[in-house]
Amino acid sequence: MPKEFITERQGLNMMVLFIIGSTLVVGVTDAAKQDSWLSVILAIIMALPMLMLYARIVHLFPGQDIFMVIHRVFGRIVGKVLSLFFVWYAFHLGVLVIRNFSEFLSEISLTETPQYLIQLVVVILGVWMVKGSIEVLGRWTSFVFNIVLVIIIGICLMAFTETNFANFTPMLYGGFRPVIDGAYSIFSFPLAETIIFTAVLSFLKPGANSYKVYNRGLWIGGGILLAITLGNIGVLGYPFLSTQYYPSYITVSLIDLGTFFRRFEILVAVVFLLCGLVKVSICLFCTANGLAKIFNTHDYRVLLAPVALLNVSLALFIYPSMQAMFEWVNVYRYYAIPFQILLPLLIWICAEAKLRLSKTGAIEKD
Amino acid sequence: MYKGFSEENNWTESLQQNEALLRELFKNDDTIIYRHFENQFNSDLKFAAIFSSGIVNNEIINENIILPIVANNIRLTDKVKLIDVLKNQIIISNDITKTRELDNIIQAILNGNTVLLHDGASEALIINSKDWPTRVISEPENEKGSLGPREGFTESLLINLAMVKRKLKTHELKFKFRVLGSRSQTKICICYIEGLANEAILAELETRLDKIHLDGILDANYIVEFIKDAPLSLFKTVGNTERPDVVAGKLLEGRIALILDGTPVAITLPYLFVEYFQTNDDYYNSFFIASITRIIRLFSFILTISAPAVFLALTAFHQEIIPEPLLLSISLSRQRVPFPTIIEALILGLVFESMREAGVRASSNIGTSLSIVGALILGQAAVDAHFFSAPMLIIVGFTVVAGLMFPKLSGASMILRLILLFFAALMGIYGYIFALSGLFIHLFQIRSFGVPYMSPLNSLNFQDLKDTIIRAPWWYMEYRPKFIGALNRIRQSNGDRKLEKKLR
Amino acid sequence: MILIMTLVYGLFLLLDFIPIYRGKNRKITWLYLSLFILSYSMTVLIGFGVNLPSPAPLIKSIITSLGIF
Amino acid sequence: MRKNYAKFLFLPLIMIFLISGCWNYREIEGLAIVAGIAVDRGIHHKYLATMEIIGFKPGQESEIESKLVSGEGDSILEAIRNSYNISGQMGYFNHTRALIISQDVAKMGILPITDLLFRSPLIRVSLAILISKEKTAGEVLAARSLNQPIKSFQICEAFAVQQKALSKTAEIKVFEAVNAMGGEGTDLFLPTVGVISNQGQPTMELSGMAVFQQDKLVGLLDGEESKYVLFIRNKVQEGILLENMDREANATLISFKILKNQTWIKPVLAKGKPGVKIAVKTTVDIWELDSPLNYDSEQDRKMLKSQAEKELQANILRIVRKVQQNYGTDIFGFGSQFRSQMPELWKEIKPEWRDYFTQLKVAVKAEVEIQKSGMAIKSLKVED
């Protein structure tokens with residue numbers, strides 16, 4: 001099989017869509033109430049060093065994904081165990097995204113359609129996409145990216161006309177603690193979820209810069225999150241915002257352009273669909289890729305279908321209800337610590353040490 | 001081929017025997033004429049001209065073959081054989097070969113050449129006397145343009161090549177001949193411009209052509225289905241055109257053309273998705289108008305495949321999106337309509353498609369009355385009788401009209417429309433988006449001779465978009481498309497008309 | 001649900017698995033099949049209304065027991 | 001082979017469609033589109049819900065007509081569902097524009113109703129909530145509407161007219177109501193709708209507002225009073241301002257057309273006691289003058305201006321007093337101003353805000369800017 005490549009731009013687009021994927025509709029945490037936009041900014045700043053660390057891991061071993069890196073750094077046995085951790089994380093993330101997806105659709109519109117059907121369709125599209133290689137995913141993403149960007153910019157501009165600036169005051173009414181609390185939530189979901197990309201960016205074209213992808217992806221994706229959060233607070237205001245599971249959807253439903261052009265909320269759903277598809281595909285890709293590496297097979301594609309079906313099966317019963325799903329967001333921030341912070345840190349330190357110690361195997365640095 | 005007959009020993013020096021052999025081969029074919037004649041000065045010199053009537057030029061045979069042989073006083077010397085004398089001194093023809101291969105002789109006769117035998121020679125002369133009946137060069141019906149050259153390909157390969165040659169007078173323009181089809185013996189010609197066409201694509205094309213084993217090739221599509229990528233796809237990964245100017249344009253972009261004998265259609269490859277939306281008229285019109293019409297075409301394509309699906313999704317799933325006045329009027333018009341919307345869409349789609357097909361097949365006089373009966377009477381009556389609702393009729397009617405803009409896509413758009421409709425009926429607008437995503441995944445997956453099918457569209461950067469969604473001015477298109485003409489990217493100098501200068 | 005799921009699984013088996021099976025790579029075949037059967041059996045159990053233990057509460061209880069939450 | 005078989009994955013999807021049919025598929029003509037809901041006290045049960053459904057008169061040229069269906073139940077949802085039993089159609093609430101609540105129900109509390117509204121994905125949060133001035137809310141929906149066959153849509157059009165021409169009441173959407181009820185330092189007011197006689201036939205009319213404490217109705221304000229509430233809430237966009245000019249004992253009535261209005265509320269702390277300063281700046285045109293006076297001299301104009309300002313100040317102050325004394329609920333949102341501008345103070349006074357509010361010192365400063373006097377140079381004079 002010829003080596004597949006994605007361009008820097010495609011990688012960037014993937015990352016942006018990945019970041020705004022589910023957060024777009026689920027909304028960022030409301031711990032900080034009308035200051036949650038501050039949380040977003042803080043979260044971006046918090047995530048910056050972490051994401052640079054991820055980029056460093058990618059950069060140290062060009063052309064090798066995280067599983068290969070782990071394998072190389074920790075040896076066979078330990079490497080496999082650690083890889084398994086990552087595979088589980090990617091898999092679990094995929095399950096969560098799929099479940100979010102189907103919950104959202106079945107809540108807003110397809111109330112009677114069984115959720116497993118929605119999940120199946122999503123997963124089949126994901127399998128189809130990744131089966132065509134990561135290149136197809138990259139091309140598709142950068143095509144969709146433009147559409148998504150246009151929709152989001154349009155929505156934000158329209159939301160601006162409905163904004164009530166009194167909703168933002170007073171700033172820091174509840175103190176600084178909730179802001180930090182909220183910032184950490186946003187850090188773990190979705191910003192640091194980009195750890196997944198350590199398995200994707202190894203497909204970057206030689207010469208492309210992984211730092212650039214991470215850096216720009218964070219700023220653009222975070223910027224979009226910020227714009228959406230600002231729009232939600234400005235249009236809806238507290239306390240109504242805190243009563244809603246899907247604030248962006250409600251926000252957009254309030255936008256009117258004249259008497260005829262109204263009810264743009266379907267656009268939010270469309271954007272979510274597109275971003276969610278990208279996110280699911282990336283998770284599928286990572287899971288299958290990791291599994292293939294653990295079992296020493298070269299073609300991850302053959303494993304896509306069973307992994308996807310397993311995703312659906314788990315998504316069916318992972319939460320008993322929607323409330324449980326949203327409650328779990330609070331657990332998730334702690335659950336994700338080892339995958340998002342501890343393991344990458346460990347890998348990075350060991351990798352640097354290994355490279356320093358064995359000059360022979362070192363990769364030339366630029 | 002004909003192995004049983006081409007045994008060496010069957011061909012003798014005796015005219016009678018040879019003729020008998022040919023008569024045996026062409027048994028029951030009364031179009032083959034065996035014309036015997038002698039030299040008027042030496043009646044021992046007996047000749048026979050064998051040709052297939054109808055595809056030969058009688059004048060050539062009479063004036064240039066029979067007349068010189070009969071009228072000239074042929075002097076024979078020992079040194080020179082009679083057949084060489086004939087070839088070099090007597091017969092007036094620009095294309096004359098000597099052969100003793102039975103295969104060649106048979107082919108020559110079938111191709112409209114004249115075979116001259118003479119008693120006492122074990123060789124025959126093949127004299128070019130082809131005169132196939134050809135159609136006059138006319139404007140192609142299916143690819144009309146309001147501006148630009150009016151000529152279209154005919155069924156004759158050489159005339160077609162001549163038309164291409166006239167447009168590109170360069171020695172770099174190469175024509176490679178090949179014969180395909182064991183029975184039809186169709187000549188095909190691979191045209192390309194050396195230095196522009198990608199060698200790898202050329203090699204790939206040759207290997208694919210090598211793999212074809214068909215007995216008859218009557219149209220370009222026979223080959224297309226063999227050589228195209230993604231053979232199960234709805235989309236064409238190999239283009240076709242009836243216009244020499246289009247072929248010349250594609251050759252200049254570094255593409256390769258395949259011209260077949262017997263069909264007025266040339267194949268161009270690689271073929272990309274955007275080419276559906278480029279017409280030759282675009283390049284002859286002002287670039288503003290061309291860009292606008294191209295954008296309209298693109299939108300029409302999206303509309304033609306998705307209008308019924310979106311309408312169905314909105315009216316059957318997402319009534320909340322429809323503004324109240326529209327909702328009420330749609331609802332009003334659907335009162336007492338017996339069919340569900342999806343069935344309505346399917347039936348109406350079928351009706352319109354059959355009407356379109358009837359319009360293609362029927363003679364042109366009936367066509368107008370067909371449209372009157374179909375569109376006016378049927379449509380009006382169906383709405384009045386509360387058989388179908390007026391909005392659905394409008395949507396489907398518009399869909400079909402918009403579909404007429406893409407004769408090359410009509411089949412694909414019909415099927416796509418159906419698939420999207422099914423998904424819209426399953427999950428509303430979300431199903432539609434899913435199906436559309438699937439469509440794009442498919443489009444991004446396929447390639448045409450190694451070139452990604454959606455090539456310039458997948459990275460929407462301006463350099464590559466000059467000739468896709470819009471048609472940039474000629475002086476601004478300095479480069480060839482990157483993905484094809486990578487060998488020699490600079491198309492032209494900008495004619496001293498930089499955009500920056502223009503804008504000043 | 002079970003009907004539709006079975007159909008989908010069947011089609012996956014038909015279209016996806018057969019080429020892999022023909023590929024004669026036993027390791028992949030076994031891996032594929034085991035994942036496949038695992039997910040199918042889960043689906044069937046859910047279809048019959050069996051309450052499968054979800055990993056989510058388990059993870060939650062682990063985190064709670066660590067005392068952070 | 002592997003490259004191309006993936007597209008067969010479309011097949012299972014089509015098959016799913018074939019065996020499963022469509023779940024959410026509902027034909028547009030089968031929908032009973034509910035345009036408005038009226039909630040009353042029921043006779044046998046707690047609630048009586050009356051729904052206005054858009055129906056179609058059969059005939060060659062079908063027409064839209066409004067149909068009323070009602071049902072009773074102990075919860076609103078039950079009442080609505082019970083009415084399906086009568087109409088034989090499931091209601092479709094996505095285009096519901098208005099919810100009219102009777103005073104009885106509003107006195108019991110509207111929380112269950114708003115909860116239903118913002119919980120349901122089917123009902124839009126831009127739905128307008130109104131209180132009926134009549135005995136029951138159903139009466140309003142039973143009244144005639146002039147322009148629109150659908151009465152609830154007429155109400156919404158009337159809101160647009162209010163905003164442009166009258167400013168006697170304002171539309172409150174569900175999310176605004178939730179924010180007002182649940183937000184700190186503001187209380188809810190809702191527009192009221194009544195029935196008046198127009199050409200001898202009962203017709204609905206929009207004017208005035210209902211004042212709430214938490215989610216319970218405590219009183220009604222008439223149209224004129226609500227206009228000044230809107231002045232304070234900075235919700236006046238256009239409208240008319242009637243001023244009684246007491247000039248030289250000649251009672252003169254002047255109609256000003258409001259072009260633009262801006263209100264600032266500034267919370268202050270005077271002598272340890274919280275107070276509020278309201279500054280109103282209004283730009284007006286003279287549109288109707290019922291006296292021969294012309295106000296064309298500089299001095300006259302100044303006087304007119306100061307008179308108008310005084311009158312406006314007095315009116316605003318009067319309504320503030322009335323609400324403070326009679327209802328004690330902060331429909332002006334003074335508390336929220338404290339919260340956003342003096343958050344530290346607000347944290348202290350928040351628990352006893354109701355007491356503070358009733359004794360709040362309010363100072364009003366109005367500025368009226370008279371721009372034009374229409375096309376007339378002077379008023380008409382009637383010669384003897």
Side-chain angles (χ1 to χ4, degrees), chain A residues 2 7-10 13 101-102 104-106 108-114 117-118 120-122 124-133 135-147 149-150 253 256 258-267 269-274 276-278 281, chain B residues 229-230 233 273-274 302 306 310 313-314 316-327 329 419 422-447 450-465 468-469 482-483:
Chain A
T7 62
E8 210 173 270
R9 189 198 181 90
Q10 287 168 349
N13 293 349
F101 212 97
S102 60
F104 175 66
L105 286 195
S106 77
I108 59 165
S109 177
L110 304 173
T111 41
E112 288 148 48
T113 311
L117 198 70
I118 302 170
L120 266 181
V121 175
V122 174
I124 287 174
L125 282 178
V127 170
W128 191 11
M129 179 129 69
V130 184
K131 250 198 159 124
S133 87
E135 271 181 33
V136 172
L137 180 59
R139 288 204 288 262
W140 193 86
T141 311
S142 49
F143 179 74
V144 160
F145 180 76
N146 297 289
I147 300 170
L149 208 64
V150 167
S253 77
D256 287 353
T259 49
F260 196 83
F261 291 101
R262 47 172 75 180
R263 311 196 164 164
F264 295 101
E265 64 264 40
I266 200 95
L267 288 180
V270 167
V271 168
F272 178 54
L273 238 62
L274 298 175
L277 200 53
V278 171
S281 303
Chain B
D229 300 65
S233 173
F273 187 66
V274 286
I302 296 170
S306 49
V310 171
L314 291 189
F317 285 84
H318 309 285
Q319 292 93 350
E320 69 268 16
I321 296 171
I322 312 173
E324 282 97 8
L326 195 59
L327 177 78
S329 82
I419 292 174
F422 271 125
F423 275 85
L426 183 66
M427 284 185 195
I429 202 89
Y430 308 111
Y432 164 75
I433 295 288
F434 282 138
L436 212 57
S437 304
L439 169 67
F440 277 102
I441 292 172
H442 172 66
L443 283 175
F444 281 119
Q445 256 173 15
I446 54 181
R447 285 163 180 271
V451 181
Y453 193 50
M454 293 290 275
S455 258
L457 288 179
N458 52 29
S459 67
L460 291 173
N461 74 44
F462 190 69
Q463 268 300 320
D464 290 342
L465 284 185
T468 51
I469 291 178
K482 185 165 61 186
F483 31 92

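So that the names make sense, note that chain A is the first sequence line, chain B the second, and so on, each numbered from 1. Owing to the predicted nature of the structure, the values given are computational and were not obtained by experimental measurement.
- Checked by atom type and distance alone, the side chain of B:Q445 never pairs as donor or acceptor with a backbone atom of A:K131 at under 3.5 Å.
- Neither the backbone nor the side chain of A:L137 comes within contact range of chain B, judged by heavy atoms closer than 4.5 Å.
- The aromatic rings of B:F434 and A:F101 sit parallel, their planes meeting at an angle under 30°, below the 60° perpendicular limit.
- Contact count against chain B (heavy-atom pairs under 4.5 Å) is highest for A:L105 among A:L105, A:T113, A:V122.
- Ranked by heavy-atom pairs shorter than 4.5 Å toward chain B, the options A:V136, A:T141, A:N13, A:L277 are led by A:V136.
- Proximity to chain A (any heavy atom under 4.5 Å) is restricted, for B:I322, to the backbone atoms N, CA, C and O.
- Between A:L117 and B:M427 the shortest side-chain heavy-atom distance falls below 4.5 Å.
- Contact detail for A:A269 and B:Y430: the closest heavy-atom pair is CB-CE2, 3.3 Å.
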